[in-house]
Amino acid sequence: MMRGSSRSKSTQNLDRTVCMTNCPTLIVTVGLPARGKTYISKKLTRYLNWIGVPTREFNVGQYRRECVKIYKSFEFFRPDNEEGLKIRQQCASAALNDVRQYLADEGGQVAVFDATNTTRERRQTITAFAEQNGFKVFFVESVCEDPVVIAENIVQVKLGSPDYMNCNTEEAMEDFKKRIECYENSYETLDEVWDRHLSYIKIIDVGRRYLVNQVQDHIQSRIVYYLMNIHITPRSIYLCRHGESDLNVKGCIGGDSGLSPRGREFAKYLGKFIESQDISDLKVWTSQMKRTIQTAEAVSVPYEQWKALNEIDAGVCEEMMYEEIQQHYPLEFALRDQDKYRYRYPKGESYEDLVQRLEPVIMELERQENVLVICHQAVMRCLLAYFLDKTAEELPYLKCPLHTVLKLTPVAYGCKVESIFLNVDAVNTHRDRPENVNIHRTTEDALQTVPAHL
Amino acid sequence: MYLTQLSCVVVPPSLLKCVYTNDEGLWIRASADCNQAGFRVEVEPQARRFTMHSHQALQVPVSPLQTSRRSSVPQLTNSPTLIVMVGLPARGKTYISKKLTRYLNWIGFPTKVFNLGQYRRDAVQTYKNFEFFRQDNKEAMQIRKACASNALKDICIYFSKENGQVAVFDATNTTRERRVSIVSFAKEKGYKVFFVESICDDPDIIAQNITEVKVSSPDYVNCDKEEALADFLKRIECYKQTYVPLDDEKDRNLSYIKIFDVGSRYLVNRVQDHIQSRIVYYLMNIHVTPRSIYLTRHGESELNLLGRIGGDSGLSPRGHKYAASLGSFLKGQNIKDLKVWTSHMKRTIQTAEHLGVPYEQWKALNEIDAGVCEELTYEEIQEKHPEEFALRDQDKYRYRYPKGESYEDLVHRLEPVIMELERQENVLVVCHQAVMRCLLAYLLDKTSDELPYLKCPLHTVLRLTPVAYGCKMENIFLNVEAVNTHRERPVNVDVTRDPAEALKTIPDHF
């Protein structure tokens, strides 16, 4: 049983703010190779899953690689290669079949069909498939003619692809360029007139311009908003917690205490570290709680406070030690261990609520370039889960120790993470899921994984 | 600086960096030099004196821009933004201008509309006919140019002297020449420019617009409908000849959104920053399909009866009666495809249960969190937290309950609700007093000073229907008695006031 979210039986779909869609949505990418379709697909999928919309991507290239074990050359993609065409069509069908299964049988809400889909004919097939199955369709087309951007894409993600495992850089580059040419002749871009009844967004030149047509519902509107806020300018995001606080030292959760002496030491080191990194135009964000503000003070860069970055509200358990929680609320304590993501403290919040509250922060993080976010354990876990594509199960147990800065740098389709411990000791505040989560467990079992404190 | 709690600060100016207040009290930042000496800071909030030594002090915001509005959202804009409308007459420019301005003000960006038609009406007292707008009417052209100039001057004053952050220049701006001059004006002053162009050729929509807002304009006060319509159409023709829409190629370096056919299609070019991104998102979510929004509070609750604020109690017997009446009322209204929204709190859910239709729960619609004052009566708040009680009366919008929220926080929490309300059609929102005040303020364009005192009595449904440039409101009391929960601002808001003065405006309860 899940407590903490007062649900009523007669309503549907309550943990999200609003029912995003009634019918499932099929997002269809459109564009020549090396236009960022897979980058967009993966990023969008990651975002939608994070905000609670079950989404999966289906990359047709992947299906093709499974079918045609060894990739020889661009000739496979020639428009006059009958055999090649047949295989590619089969792969697309297989992918659509899996899409149907995911959306109709497995509880998926959004499927991203990642392929070139450059001909009107192919898109009509997909639209018919969707109609047949009661799915809404939303096209995402990426149009780009900047040779510099295209070359960069190829270098970042194509050269390392399984297709080019046995080639050197030059050969791979050459071959891929010829591959693109195979598509160019038959490429029919989404047209303002011919396709005026379709729902789509056309992204031109990596986001300089957008054309948005017939947005049908809430989720499409959110997708458009998200796509219009992301960029690919190189930058880094630095995540860290406030310095060790007085309540941390006592083993108490929540509250609004100031930094301990070691915490202040960390803040100083953080300031020095940031200086040494020589970051251009760094933005610093904190919550509105004393401990993050005091930490930011040492960094000597103007900072902005977000109430949304405040630590999870532990309600009736605020400022208690785990031992006290076990003593006063043993049932709640066990229920939390059973489903830490969805569990809501009485008069408090759940991780799920946190994600909701952090969404504008993520949106703004996407818009920004170099940012340092000084926040709290649960908040940092949520942000990290977004960047590293962690599931709701993993999220509440991500390790975010004090006095450690995580530097995240987007690379290829993901994020490189560097963990930098600033050499100032601190208490451990990480409590792993204990083995026994039963509501009748002993106190000893409950407190098994509580970290040491004063 | 936000200093409502203090009447004077005595600090050596050379040592003081910034002063900031929150529910804990006072935060002061001193420069490093005074650390050894340990200076004393004297603060006199009405009758109280604080003394602090420098080493105890902490600072919050650094830049003056950040100290000026301590809100729950960072101030993500620096330079002022000039939004420039573009489009033929009767394309919805003023509708968009007013709506956008209302939204931006509500979310905390001071915004003002500068309508060129208004300037023209002030300059040329009586409107004769469309001939004024003819391209070859030199005298009129002079006047119109002068009006545009004056409007831009006023925009300048709004930004530099009145703390404005966004100005909406509502005019046709249909020629490249006019737009170029606006862009150079803005560049000179350091304002960002964002164009919003509305393109529509559907004659039905245009005729509808003209009927809704033009025919009743001061320009046509002495004409009948037919005359007005005919004249206005000729007016539009005057502009058509020289209309040059924003061009994909020539204007590729400008920041703009082009809205086609009332939102079926959008072209967005070069969004520069956060506020432009929010504007685009907002514009892409609004629509003009006729619909109604119904706002109501939950039925009277057990805690309401006891005069207690907050909490999560169930409905009283009268509250249940109201919910049942609400169900009947809605059935009678015969509303097409009604969506029902509640909060996550028992009292709204129990109310919705009586309606017999599916409903969705939004945590964002939960009542304002009164923190340490949760479930107290006003008498108890006066007894236990007299100073907080007074501070709240001094600035009810920005005041944050210790460990709780402010109305300002509520507005930010409710923004996604408003966005979704814009997208939807017929919706009934079953919520709470403070929440309803925030939503109402948005829909009726109330200021942050008026917002916390809007009257939202129990057992009353407000039906809001967009009409012309605003909202028609019908107030429907469903004839089930309930306690009054509205507390007016008392005359004496001083922290030294007597309990009697503090409790003067409290509504009756058991």
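Chain identifiers are assigned alphabetically (A, B, ...) following the order of the sequence lines, protein sequences preceding nucleic acid strands; residue numbering begins at 1 within each chain.
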Could you tell me the separation between the [atom1] atom of [X] and the [atom2] atom of [Y], rounded to the nearest 0.5 Å?
| X | Y | atom1 | atom2 | value |
| --- | --- | --- | --- | --- |
| A:K202 | B:L267 | NZ | CG | 10.0 Å |
| A:L211 | B:D248 | CG | CG | 8.5 Å |
| B:Y281 | A:M363 | OH | CE | 7.0 Å |
| B:S406 | A:K307 | OG | NZ | 7.0 Å |
| B:F260 | A:R196 | CZ | CZ | 14.0 Å |
| B:Q424 | A:D217 | CD | CG | 10.0 Å |

So [Y] and [X], do their side chains get closer than 4.5 Å, heavy atoms only?
| X | Y | result |
| --- | --- | --- |
| B:R400 | A:Q288 | yes |
| B:M284 | A:M228 | yes |
| B:E420 | A:H218 | yes |

Let's go through B:H412 and A:W306 carefully: what are the C-alpha distance in whole Å and the side-chain angles of both, what is the deciding distance for side chain to side chain contact (heavy atoms under 4.5 Å, CB included) to 0.1 Å, and is it a yes or a no? CA-CA 11 Å; B:H412 286 291; A:W306 293 71; over 6 Å; no
By a 4.5 Å heavy-atom criterion (distance strictly below it), what part of [X] contacts chain A: side chain, backbone, both, or neither?
| X | answer |
| --- | --- |
| B:N269 | both |
| B:D261 | neither |
| B:V280 | side chain |
| B:E422 | neither |
| B:R252 | both |

Neighbour count >12 (heavy atoms, 6.0 Å) for atom [atom1], [X]:
| X | atom1 | value |
| --- | --- | --- |
| A:E275 | CD | no |
| A:K283 | NZ | no |
| A:D281 | CG | no |

At a heavy-atom separation under 4.5 Å, does A:Q220 approach chain B through its side chain, its backbone, both, or neither? neither
Where on A:K347 is there a heavy atom nearer than 4.5 Å to chain B: the side chain, the backbone, both, or neither? side chain
Contacts of A:R367 that satisfy side-chain hydrogen bond (donor to acceptor under 3.5 Å, both in side chains) - sequence neighbours left out: A:N229
By side chain to side chain contact (heavy atoms under 4.5 Å, CB included), which residues pair with B:R270, not counting sequence neighbours? A:R208, B:N253, B:S255
In terms of side-chain heavy atoms, does B:R265 have a donor or acceptor partner in A:Y200 at a distance below 3.5 Å? no
